[in-house]
Structure formats: C-alpha cells, structure tokens
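Notes to accompany the following structure.
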Amino acid sequence: MTDAEALYVHPDRNIAIELVRATEAAAIRAYPWIGRGDKLAADAAAVDAMRAFFGTVDCDGVVVIGEGEKDKAPMLFNGERVGNGRGPACDIAVDPIDGTSLTAAGRQNALSVIAVSDRGAMLDASSVFYMDKIVTDAVGVGVVDIRQPIGENLRALAVAKGKPVAEMRVAVLNRPRHEQLIADIRATGAGTRLISDGDVAGGINAARYESRIDMCVGIGGSPEGITTACAIKALGGFMQGKLAPRDDAERARGEAAGLDCDRVYELNDLVRGDNTFFVATGVTDGELVDGVRRKGPIIRTESIVLRGKSGTIRRIVADHLVEKWLDVTDR
C-alpha cells in the first residue's frame with residue numbers, strides 16, 4: 001500500500017485540522033444564543049453549521065455517537081454518513097454543543113466537539129443513555145479503579161501524586177444522583193469542582209497535567225464518555241466506564257445491542273487503538289478553552305486539537321471576519 005492509498009484507509013493528521021473548521025462554525029453559530037435561555041435553538045444552530053462544514057471534509061465518516069435524536073436536533077444522528085466520501089473510513093462522535101444548558105444560561109465550559117477514530121474502533125453505547133466514569137491523568141493507571149470506593153481511590157491517587165488528600169480536587173456533575181458521592185469525596189478531606197452540565201471538559205481537565213482537577217467521577221452521558229475517551233488517548237490518561245441503564249427496559253436494549261451493563265470498560269474498550277482525534281472549540285469560556293468573542297469586525301475562537309497516535313496537543317486561535325457570518329447578531 002502506498003502512502004497516498006493509506007490516507008484513504010486510516011484518518012491522518014490533516015483531518016483534525018479540517019475538522020476544526022466544523023467546530024468553529026458550530027461555536028460561532030451558537031454564539032448569538034448564549035444567555036438567551038433557549039438551549040434547543042442554540043443546539044439546532046450549531047448542528048446546522050457543523051453538518052454543513054462536514055460536507056467539505058475529506059473523510060468517509062459514520063456518526064457512531066450523535067446528538068440529533070437526544071437533543072431534538074434535526075441532523076447528525078447515529079448512523080448518518082458525513083464527509084465528502086473521498087477520505088479515510090472513520091467513526092465519528094459529535095456534540096455540536098456539549099453543554100446546551102450552559103450556553104442557554106451563559107455559563108462556562110460549553111464546547112463544540114468532534115472525536116474521530118478508525119472505522120469500527122468506537123464502542124457504540126448509544127442504546128444506554130448514561131455511563132458511570134472515572135478519569136485521571138497517567139498517574140492513575142494501576143492506582144485507581146471504578147470498582148473501589150471513592151475514598152480509597154482518592155487516597156491512593158494522592159499518595160501516587162505525592163500530595164495531601166486535602167489538596168485533591170474532584171470534578172463531579174452537580175446532580176441529585178451524586179449527593180452521596182459528593183458527600184463521600186468531601187468526607188476524605190478532598191474538595192469538589194461541581195459541574196452544572198457538560199462533563200467532557202471535566203474529564204479532559206482531570207487528565208491534563210497543568211489542570212487543578214485531579215479526578216473526574218460520576219454518572220454522565222454515554223456519548224460524552226466515548227467522546228472523552230478519544231481525548232484521553234492523546235493525553236495519556238486513565239479512564240474507565242460502566243454503563244448505567246435507567247431501567248430494565250434500557251438494560252435489555254443495551255444487551256440486545258451487544259453491550260454488557262455489568263462490565264467495566266477500560267479505555268481501550270471504549271475506543272480501540274491510538275489513532276484518535278479530538279477537536280473542541282469553546283462556545284463559552286472555560287478552563288480548557290476560551291469561548292467565542294466578538295471583537296469589533298472579527299469573531300475570535302479558541303480550539304484544542306488532540307491526536308492520540310502522536311500524543312500532540314495543539315491550540316488554535318482564529319479570527320473570523322464578522323461580515324462573513326452575516327446572521328451572527330451584533331452583541
């Protein structure tokens with residue numbers, strides 16, 4: 001196989017740079033809806049923009065993790081073919097806005113996200129809505145385990161990191177289902193970083209060496225779990241997930257789809273291999289990236305691009321002429 005032929009079998013480094021255009025477009029289109037209280041309108045605008053830019057990308061993609069059906073958005077549903085069909089065959093996970101409620105409320109940490117892997121590499125967990133997750137940086141490998149109580153995991157990770165438990169910070173979605181988990185974390189002496197929505201950023205921050213977050217735990221969306229796994233591959237971090245069906249009917253659907261709701265899925269079970277890409281553009285400000293900003297005649301975006309095979313982290317700041325985005329309101 002020649003190098004040129006290989007480009008059409010596996011995603012290569014150029015695809016991530018192309019995909020940034022799609023997340024940038026989604027973030028820009030969502031910008032007028034920040035703080036306006038209409039999360040469905042924000043999501044629909046982002047979906048439309050991302051879908052349009054996908055058509056220009058050199059790939060033969062299949063959406064394995066989509067957001068259209070879940071968020072009542074019109075496109076980017078599971079099984080949809082994306083790209084122009086002339087590039088590598090790949091699995092795609094999309095979340096035009098991870099944090100639609102954050103966007104609607106004008107809060108931090110909303111992202112536009114795309115993750116990519118080789119065709120057939122992503123776990124299709126779409127039949128079970130929620131997943132219990134644990135994420136740390138590389139220090140957590142062989143140290144923590146989702147089957148252990150949170151107190152044991154925190155103390156073991158603190159020892160491995162050489163820091164007091166009191167200095168540990170754990171990201172958790174702020175939900176009633178996590179009341180006991182939050183209490184157990186605080187009982188160890190560790191602190192919490194409560195997330196109101198969108199746990200992709202929480203997981204990535206737990207795996208970044210410069211972040212103040214040491215661990216991200218709790219039950220969040222299964223789509224977000226698979227998407228996060230693509231990023232953790234590039235960061236060299238640790239992640240486990242266990243599906244959390246809401247009732248017997250959902251468990252049965254998961255089992256019918258070949259999923260094991262009692263299994264602990266390791267990182268390489270969630271996404272096989274290291275040929276992964278993760279691209280995110282900030283919609284609102286956050287620890288990971290800045291949100292969209294209007295600066296006179298330009299709109300500024302910040303994106304992060306992670307590549308699993310090379311372990312590369314790139315940050316891209318782009319200025320876009322407002323006149324090219326005529327329906328972005330003057331805010």
Side-chain angles (χ1 to χ4, degrees), residues 13-35 42-43 45-47 49-50 53-54 57 93-116 171 193 195-213 216 224 227-228 230-232 234-235 276-308 310-325 328-331:
R13 58 188 176 188
N14 292 332
I15 192 173
I17 304 304
E18 291 185 64
L19 291 172
V20 169
R21 297 169 59 237
T23 56
E24 288 173 344
I28 290 171
R29 291 301 188 194
Y31 171 73
W33 297 99
I34 294 173
D43 196 57
V47 169
M50 182 176 283
F53 271 78
F54 253 128
V57 177
V94 296
D95 201 341
I97 305 180
D98 177 48
T100 53
S101 295
L102 298 176
T103 302
R107 295 176 179 160
Q108 292 191 331
N109 291 316
L111 302 170
S112 178
V113 175
I114 298 173
V116 181
R193 180 74 64 86
I195 306 170
S196 59
D197 197 9
D199 63 346
V200 172
I204 294 172
N205 283 328
R208 292 194 306 131
Y209 72 90
E210 73 269 37
S211 172
R212 292 195 63 206
I213 302 298
C216 182
E224 289 82 358
T227 302
T228 302
C230 289
I232 303 307
L235 294 167
T276 63
F277 300 88
F278 175 90
V279 180
T281 299
V283 178
T284 60
D285 287 345
E287 184 179 347
L288 188 62
V289 286
D290 287 337
V292 179
R293 283 175 164 76
R294 172 75 181 269
K295 295 178 176 289
I298 65 101
I299 300 169
R300 178 165 294 168
T301 58
E302 183 180 7
S303 306
I304 187 169
V305 178
L306 309 177
R307 189 183 186 202
S310 62
T312 304
I313 304 172
R314 289 185 172 88
R315 291 186 177 274
I316 298 174
V317 176
D319 289 344
H320 315 260
L321 282 174
V322 171
E323 65 186 54
K324 302 296 184 181
W325 300 85
V328 174
T329 57
D330 184 13
R331 291 162 60 93

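Keep in mind that the numbers below use all heavy atoms, side chains included, and drop hydrogens, waters and symmetry copies. Heads up: numbering here begins at 1 and tracks the sequence.
In terms of heavy atoms, E224 sits closest to T228 at O-OG1, 2.7 Å. Of all heavy-atom pairs between C216 and G203, the closest is SG-N, 3.7 Å. Residues A280 and V113 come closest through the heavy atom pair CB-CG2, 4.0 Å. Contact record, S112 with A26: OG-CB, 3.2 Å, taken as the closest heavy-atom pair. In this structure, I195 and G202 approach most closely via the heavy-atom pair CD1-CA, 4.0 Å. Pairing each heavy atom of T103 with each of A30, the nearest pair is CG2-O, 4.4 Å.
Annotation: side chain to side chain contact (heavy atoms under 4.5 Å, CB included) contacts of L102 (sequence neighbours excluded): R107, N109, A110, S196, D197. Every salt bridge (Lys or Arg N to Asp or Glu O under 4.0 Å) that D199 has, sequence neighbours left out, goes to K133. Evaluation of the side chain to side chain contact (heavy atoms under 4.5 Å, CB included) rule for A115 yields A93, M122, T227, C230, F278 as partners, not counting sequence neighbours. In this view, R293 and D285, D290 satisfy the salt bridge (Lys or Arg N to Asp or Glu O under 4.0 Å) rule, not counting sequence neighbours. Residues passing the salt bridge (Lys or Arg N to Asp or Glu O under 4.0 Å) test with R208, sequence neighbours excluded: E210, E287. Taking the side chain to side chain contact (heavy atoms under 4.5 Å, CB included) definition, one finds that A207 meets it with V135, I232, L235, sequence neighbours left out.
Rounding to the nearest 0.5 angstrom, the gap separating the CG atom in D98 from the OG1 atom in T23 is 13.0 Å. To the nearest 0.5 angstrom, I313 atom CD1 is 7.0 Å from Y209 atom OH. M50 contributes atom CE, which lies 11.0 Å from atom CD of E24 (distance to the nearest 0.5 angstrom). For the atom pair CD1 (I114) and CZ (R21), the distance works out to 11.0 Å, reported to the nearest 0.5 Å. Rounding to the nearest 0.5 Å places CD1 of I299 at 12.5 Å from NZ of K324. Distance check: I298 CD1 to E323 CD gives 12.5 Å after rounding to the nearest 0.5 Å.
The side chain to side chain contact (heavy atoms under 4.5 Å, CB included) test with T100 singles out one residue from D95, D43, V283, and that residue is D43. The one candidate from D319, I28, V289 that meets the side chain to side chain contact (heavy atoms under 4.5 Å, CB included) condition with T301 is I28.
A donor-acceptor pair under 3.5 Å links the side-chain atoms of R294 to the main chain of G296, judged by distance alone. Using modelled atom types, no side-chain atom of T281 and backbone atom of E302 make a donor-acceptor pair closer than 3.5 Å.
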Checklist entry - Between F277 and L19, is a side-chain contact (heavy atoms from CB on, under 4.5 Å) present by the stated rule, with each step listed? => result CA-CA 10 Å; F277 300 88; L19 291 172; 5.5 Å; no

